[in-house]
Amino acid sequence: MRGGGAMRHRFLQLLLAVSATSALLAVLAADLNKEPFTIRISCGSFDDVHTAPTNTLWYRDFGYTGGRFANATRPSFIVPPLKTLRYFPLSDGPENCYYINNVPNGHYQVRLFFALVADPNLDSEPIFDVSVEGTLFSSLLSGWSSDDEKTFAEALVFVQDSSLSVCFHSTGHGDPSILSIELLQIDDNAYKFGPLWGNGTVLRTAKRLTCGSGKPAFDEDLNGIHWGGDRFWLGLKTFSSSSDDQTISTENVIAETLLAPNFYPQSMYQSAIVGTDRQPTLSFEMDVTPNKNYSVWLHFAEIENGITAEEQRVFDVLINGDTAFKDIDIVRMTGERFTALVLNKTVAVSGTTLKITLQPLEGTRAIVSAIEVFEIIPAEMKTLTEEVTALRTLKGSLGLPLRFGWNGDPCVPQQHPWSGVDCQFDGTKRNWIIDGLGLDNQGLRGVIPSDVSKLQHLQSINFSGNSMKGNIPLSLGTISGLRVLDLSYNELNGSIPESLGELTSLQTLNLNGNDLSGRVPATLGGRPLHRVRFNFTDNAGLCGIPGLRECGPHLSVAAKIGMAFGVLVAFLLLVVFAACWWKRRQNIIRGQKLAAAREAPYAKSRTHFTRDVQMGKPHRPHESSRGGNSESSPHLLS
């Protein structure tokens with residue numbers, strides 16, 4: 001009974017394992033049916049372009065960056081047949097970037113092709129550096145345009161915030177020019193080389209060779225699938241200039257190809273370079289950057305007709321003299337012929353050469369189908385997002401000249417920080433921070449934005465010798481670690497903010513040579529002068545400390561506003577009263593004039609009539625004493 005229970009238990013475990021495997025295969029199949037995110041940009045083109053032989057779609061170059069458009073001269077046959085490019089004059093700044101937004105997070109192959117501007121008046125071969133997501137991964141040196149392998153650069157990166165930046169950094173020798181940009185999504189686990197692999201690394205393609213065919217090809221030419229990233233393979237027929245090796249090929253189907261996560265196409269295993277009886281060892285050598293780590297990927301398949309069983313071909317793999325793989329027997333390791341085998345090794349290289357040696361045991365010859373070598377580059381930590389945003393606001397508010405650039409990340413790559421910006425790495429936050437701004441004597445004519453206070457790690461600000469206008473932001477007083485603030489010789493006005501007195505670490509404050517007014521805050525004017533240097537001179541309106549004029553009764557801002565409002569109200573009342581008095585006065589004068597005009601004829605007529613009556617009346621002295629009869633009066637008047 002116990003044995004039967006154990007068997008049933010094992011059967012259930014097997015059933016669960018099969019179900020889990022089936023579910024995993026279903027998920028992988030669903031992922032493969034989903035097309036990877038792909039965008040190809042024909043730089044400098046006003047229209048979408050399709051190129052032969054695969055009718056590849058290249059999107060027009062619109063809304064990604066600045067720079068200038070120009071016709072292109074293709075320096076190599078492997079460069080896509082595109083006719084335009086974009087270049088960046090040094091007058092536009094030393095750093096210029098393409099910003100590609102709305103990119104699904106994931107793992108991507110980024111490939112750039114370069115070309116020359118078709119203009120004899122411009123430098124024929126610019127020299128510049130290239131970075132992706134702030135990490136420098138390629139440098140175009142003198143002679144790049146005459147070397148096929150150097151006309152493009154490729155890196156594997158992780159996108160984590162739905163956007164990707166590719167930046168071009170001028171070295172002062174010509175204007176950087178770019179023909180095309182490709183962003184090709186690959187499997188999230190592609191080229192997983194070891195514990196250092198992941199978001200913290202960038203893989204730069206240093207070499208990718210398909211051996212035996214001698215023909216360069218893209219994955220698409222080799223019947224690969226899109227999840228492979230459409231890799232470019234440079235064809236190689238021999239490792240030796242003296243033809244001490246030979247090439248072989250087959251049309252047989254190669255098993256174990258197009259498998260996740262790297263999806264290698266079958267065709268790259270259908271040819272190979274094989275050692276000869278005279279020289280059974282194969283050796284490949286390439287130049288590398290010293291003191292770097294490299295990930296080496298070697299590809300094999302047993303396709304030679306004479307090798308049909310185990311132990312017929314056994315060899316060791318040495319990298320720079322050290323054994324990387326021992327007793328490689330392709331048939332034994334794969335289980336059968338015509339089956340792909342991939343080996344990967346990470347090595348540290350101290351010199352300038354990487355040498356791969358395939359050393360067979362007695363009586364056998366070495367074989368290899370393809371070689372890939374990647375430089376492992378630690379991804380740069382970026383600058384704090386809020387500080388980058390604050391710097392971009394500052395750039396617009398100050399009216400920073402184009403020559404400054406200020407594109408990409410202000411602190412990385414470390415070889416190309418922004419001009420006028422001092423950076424420091426914060427080990428706690430694992431980000432770069434801004435601890436200094438030095439923009440003195442740059443002809444700036446803008447205003448200092450309040451957002452400058454978002455640069456909370458600043459220790460020094462020097463904006464002296466410009467033509468900045470406006471007030472000193474109150475928010476400057478919130479940058480607690482600020483030690484140096486030099487705003488001298490600008491055109492700043494208004495009063496000195498009281499908040500500056502809260503900067504207890506401040507050691508140097510230069511506000512001289514402006515149009516500031518009002519009382520110097522007591523928290524500044526009364527500060528002990530030991531190891532502190534403040535300068536408020538050449539501000540005609542400032543007062544309140546030794547060396548400046550005396551101030552009148554000090555009024556707060558609210559009091560000044562109240563007084564101004566009171567004066568304005570009194571003035572308005574005075575105007576209204578004066579207007580009413582004047583109108584009343586005018587009405588009186590006008591009424592007098594009208595009355596005089598009406599009464600003047602009647603008064604004159606009455607005066608003449610009374611005089612005539614008095615002259616025609618006989619003088620009777622005693623008549624008045626007798627009293628007259630009222631009825632006789634009319635007769636007297638007749």
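Because only heavy atoms are used, hydrogens play no part in the values below, and waters and symmetry mates are left out as well, while side chains stay in.
By the 6.0 Å contact criterion, CZ on Phe62 is open, its count of non-hydrogen atoms from other residues, nucleotides or ligands being 12 or less. The 12-atom threshold is exceeded at CG of Asn55, counting heavy atoms of other residues, nucleotides or ligands nearer than 6.0 Å. Summarising the local packing, NZ of Lys355 is surrounded by 12 or fewer heavy atoms from other residues, nucleotides or ligands at distances under 6.0 Å. Other residues, nucleotides and ligands contribute more than 12 heavy atoms inside 6.0 Å of the CG atom of Asn101. Other residues, nucleotides and ligands contribute more than 12 heavy atoms inside 6.0 Å of the NZ atom of Lys207.
Listed for the Thr84 side chain is a donor-acceptor partner under 3.5 Å among the backbone atoms of Ser45. Side-chain N or O atoms of Arg74 include one that pairs as donor or acceptor with a backbone N or O of Val79 at under 3.5 Å. Not a single donor-acceptor pair under 3.5 Å links the side chain of Asn462 to the backbone N or O of Asp440. Arg445 places no side-chain N or O within donor-acceptor distance of the main-chain N or O of Lys469, the cut-off being under 3.5 Å. When atom types are taken as modelled, the side chain of Asn466 and the backbone of Met468 share no donor-acceptor pair closer than 3.5 angstrom. Between the side chain of Asp422 and the backbone N or O of Gly438 there is no donor-acceptor pair closer than 3.5 Å. Looking only at distances, no side-chain donor or acceptor of Thr135 sits under 3.5 Å from a matching main-chain atom of Ser131. Side-chain atoms of Asp435 do not come within 3.5 Å of backbone N or O of His457 as any donor-acceptor pair. At least one donor-acceptor pair under 3.5 Å links the side chain of Glu125 to the backbone N or O of Gly143. A donor-acceptor pair under 3.5 Å links the side-chain atoms of Asp409 to the main chain of Thr383, judged by distance alone.
Between atom CG of residue Asn262 and atom CZ of residue Arg231 there is a gap of 6.5 Å, rounded to the nearest 0.5 Å. Expressed to the nearest 0.5 Å, how far OG of Ser170 lies from CG of Asp129 amounts to 9.0 Å. Rounding to the nearest 0.5 Å places CD1 of Ile225 at 11.5 Å from CG of Asp230. Annotation: the span from His50 atom NE2 to Ser42 atom OG amounts to 12.0 Å, rounded to 0.5 Å. For the atom pair CG (Leu391) and CH2 (Trp418), the distance works out to 5.5 Å, reported to the nearest 0.5 Å. The structure places SG of Cys167 at 8.5 Å from CG of Asn96, a figure rounded to the nearest 0.5 Å.
Residues Val117 and Ser177 share a closest heavy-atom pair of CG2-CB, 4.3 Å. Pairing each heavy atom of Pro176 with each of Gly174, the nearest pair is CD-O, 3.7 Å. The nearest pair of heavy atoms linking Ala153 to Ser138 is CB-OG, 3.5 Å.
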>> For Val342 and Trp297: C-alpha separation, side-chain torsions, deciding distance, then whether side chain to side chain contact (heavy atoms under 4.5 Å, CB included) applies.
In response: CA-CA 7 Å; Val342 182; Trp297 298 71; 3.8 Å; yes

> Would Phe284 and Thr357 satisfy side chain to side chain contact (heavy atoms under 4.5 Å, CB included), going step by step from the backbone distance to the final call?
Replying inline: CA-CA 6 Å; Phe284 169 73; Thr357 304; over 6 Å; no

> Are Phe158 and His107 close enough, and set up right, to give a ring-ring contact (aromatic ring centres under 6.0 Å, His included), and what steps lead you there?
Replying inline: CA-CA 5 Å; Phe158 285 90; His107 200 192; 4.1 Å; yes

>> Pair Phe374, Tyr191 - check ring-ring contact (aromatic ring centres under 6.0 Å, His included), show working.
In response: CA-CA 10 Å; Phe374 297 92; Tyr191 293 99; 4.8 Å; yes

> What's the verdict on side chain to side chain donor-acceptor pair (under 3.5 Å) for Trp233 and Asp221, showing C-alpha distance, side-chain angles and the deciding distance?
Replying inline: CA-CA 10 Å; Trp233 301 84; Asp221 303 317; over 6 Å; no

>> Determine whether Thr73 and Leu85 satisfy the following criterion, side chain to side chain contact (heavy atoms under 4.5 Å, CB included), listing intermediate values before the conclusion.
In response: CA-CA 9 Å; Thr73 298; Leu85 57 72; over 6 Å; no

>> Pair Tyr64, Tyr99 - check ring-ring contact (aromatic ring centres under 6.0 Å, His included), show working.
In response: CA-CA 5 Å; Tyr64 298 108; Tyr99 297 102; 10.0 Å; no

>> Does Phe128 form a ring-ring contact (aromatic ring centres under 6.0 Å, His included) with Phe114? I'd like the steps, not just the answer.
In response: CA-CA 11 Å; Phe128 56 96; Phe114 309 105; 5.7 Å; yes

>> Apply side chain to side chain contact (heavy atoms under 4.5 Å, CB included) to residues Thr353 and Val288 and explain how you reach the verdict.
In response: CA-CA 5 Å; Thr353 302; Val288 295; 5.6 Å; no

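Side-chain contact of Asn189 with Trp197: a donor-acceptor pair under 3.5 Å is absent, judged by distance alone. With hydrogens and angles left out, the side-chain atoms of His226 and Glu220 include no donor and acceptor closer than 3.5 Å. In summary, the side chains of Glu133 and Ser165 do present a donor paired with an acceptor at a separation below 3.5 Å, with no hydrogens or angles considered. With hydrogens and angles left out, the side-chain atoms of Ser464 and Asn490 include no donor and acceptor closer than 3.5 Å. Trp58 and Thr51 share a donor-acceptor pair across their side chains, judged by distance under 3.5 Å alone. Side chains of Ser350 and Asn291: a donor-acceptor N/O pair is absent below 3.5 angstrom, by distance only. For the residue pair Thr257 / Gln266, no side-chain donor-acceptor distance below 3.5 Å is found, with atom types taken as modelled.
Ring pair Tyr264/Tyr269 is perpendicular by interplanar angle, where above 60° counts as perpendicular and below 30° as parallel. Using bins of under 30°, 30° to 60° and over 60° for the plane-to-plane angle, the ring pair His416/His169 lands in the parallel bin.
Contact annotation: the side chain of Pro80 approaches that of Leu179 to within less than 4.5 Å [non-hydrogen atoms, C-beta and beyond]. Contact check for Val484 versus Gln459: no side-chain heavy atoms found under the 4.5 Å cut-off. The shortest distance between side-chain heavy atoms of Thr210 and Leu234 does not fall below 4.5 Å. Using a 4.5 Å heavy-atom cutoff, the side chains of Leu282 and Val368 are in contact. Between Pro449 and Leu394 there is a side-chain heavy-atom pair separated by less than 4.5 Å. For the pair Leu437 and Leu458, the minimum side-chain heavy-atom distance is below 4.5 Å. Two residues are said to be in side-chain contact when any heavy atoms from C-beta on lie closer than 4.5 Å; Ile181 and Tyr59 fail this criterion. Here the side chains of Ile377 and Thr201 are not in contact, with every heavy-atom distance at 4.5 Å or above.
Residue pairs meeting the salt bridge (Lys or Arg N to Asp or Glu O under 4.0 Å) criterion with at least one partner in residues 86-107, sequence neighbours excluded, are Asp61-Arg86, Arg68-Asp92.
Listed by chain and residue number, Cys423 satisfy the disulfide bond (SG atoms under 2.5 Å apart) test with Cys411 (two or more places apart in sequence, or in another chain).
Contact check on Glu386 versus Lys454 returns no salt bridge, with no Lys/Arg side-chain nitrogen under 4.0 Å from an Asp/Glu carboxylate oxygen.
The ring of Phe425 has its center closer than 6.0 angstrom to the ring center of Trp432.
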